[in-house]
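As the structure lists them, so they are numbered: ligands from 1, and atoms in each ligand from 1.
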Amino acid sequence: MVKNIAVIRGDGIGPEIVNEALKVLNKVAELYGRTFNYTDVDMGGCAIDKYGDPLPESELKKCVESDSVLLGAVGGNKWNDVPGNMRPEKGLLRLRAGMGVYSNNRPAKIWKQLSDASPLKKEIVDKGVDFIIVRELIGGIYFGEHKTEGDTATDVLRYSEAEIERIGRIGFETAKKRNKKLCSVEKSNVLDSSRLWKKVMHRLAAEYPDVELSDMLVDNCAMQIVKNPAQFDVIVTENMFGDILSDEASMITGSIGMIPSSSLGSTTCGLYEPIHGSAPDIAGKDVANPIGTILSAAMMLRYSFDMNKEADAIENAVSKYLDEGYRTADIMSDGMTLVGCKGCGDLIVKYLTKE
Ligand code: IPM
Ligand code: MG
């Protein structure tokens, strides 16, 4: 089976982490007799330098026409002063919107080998951290009108019932496949858009009687994630709340460098990216952790290509790598063996076997 993957290396550590993920995909192809074709796509700061545009239409087209997109990271201080609508991040937002990937799935799970890396107390970690944040990705304040007039700036937060309903369904469907607990997070004590969010979630609940729905205000949720993360199974929330809560959730797992994500819309063509940024301070130094990107590639195989065995093989290879005591700098601890970005990718390739 031939799959065409659009590959966006991006900026900062993007190119190095994507290289490691491609090595892993190539090994999967070899072991399982698959063919992955890669098409390079320029997006982010590198595209601004080359075309004066963070995502030219021709580059977006390559993504929309692919079977799925693998992305490293975009952005960096170098482009801080470009106007808002030309920033590297704008390329990412246009890509998400252009692909119509409204549902972003961000797992927060503590690998047993890394339980010491969590900043939380052992008794909290031991209760288990394994939940998913389902973040609405192409609406809300990110995509409302942005304007600056004189000394006043405005960003519009707007959601329609239809936008809330489609992400709500993903939340319920995700919970249905897991422990059947869905927590809808909003700020309904202040925002109209959140009151609508809550109303739509409760209306949908009637269609999913086997899923237990609860509501939580976003500020309380931020607190509960560090106080008692074991209470969560699936969290469904709007774009900006999901952005903030997913960084928080990733940190309690030990390292943001370990967390993959999938973004899907109404087709199987998805966007797969680690949730961390481009980390320009460590770019090109061979110290970045490529596991978030490698696991994103595994998610691509599982959710877009229906290659579950291949995805399991990658996840098992990552687990074996951790079992053997290898660590990149971000998760390094006493008694472990420090490896660089390339070394990490090589070892995961080495541990990849056909089950
Ligand atoms: C993320 C990032 C992006 C976001 C930025 C880079 C625009 O923080 O994927 O979480 O805010 O969505
Ligand atoms: Mg973010």
Is there a side-chain contact between Leu182 and Tyr208 (heavy atoms, below 4.5 Å)? no
So, the side chain of Thr148 versus the backbone of Ala153: is there a donor-acceptor pair under 3.5 Å, distance only? no
Can you confirm, on distance only, whether ligand 1 has an N/O atom lying under 3.5 Å from any N/O atom belonging to Asp247? no
Is there a heavy atom of Met240 sitting under 4.0 angstrom from any atom of ligand 1? no
Region of Arg96 that comes within reach of ligand 1 [heavy atoms, distance under 4.0 Å]: side chain
Any side-chain donor near an acceptor of the partner, Tyr303 and Asn105, under 3.5 Å: no
Kindly confirm or rule out an N or O of Tyr142 lying under 3.5 angstrom from an N or O of ligand 1. yes
Between Tyr159 and Trp197, what is the ring plane arrangement, given parallel below 30°, perpendicular above 60°, and tilted in between? perpendicular
Could you list which atoms of ligand 1 come closer than 4.0 Å to a heavy atom of Glu89? 6 (C), 7 (C)
Is Asp11 reaching over with its side chain to a backbone N or O of Gly45, donor-acceptor style, under 3.5 angstrom? yes
Can Arg135 be said to touch ligand 1, with heavy atoms closer than 4.0 Å? yes
If the contact criterion is a heavy-atom separation under 4.0 Å, does Arg106 count as touching ligand 1? yes
With distance as the sole test, does Lys27 use its side chain to make a donor-acceptor pair with the main-chain N or O of Val349 at under 3.5 Å? yes
Examine all N, O or S atoms of Asp243, backbone included, and report whether one is under 2.8 Å from the Mg ion (ligand 2). yes
Heavy-atom closest pair, residues Glu315 and Leu295: CG-CD2, 3.9 Å
In this structure, atom 2 (C) of ligand 1 is nearest to the protein heavy atom Asp243 OD1, 4.0 Å
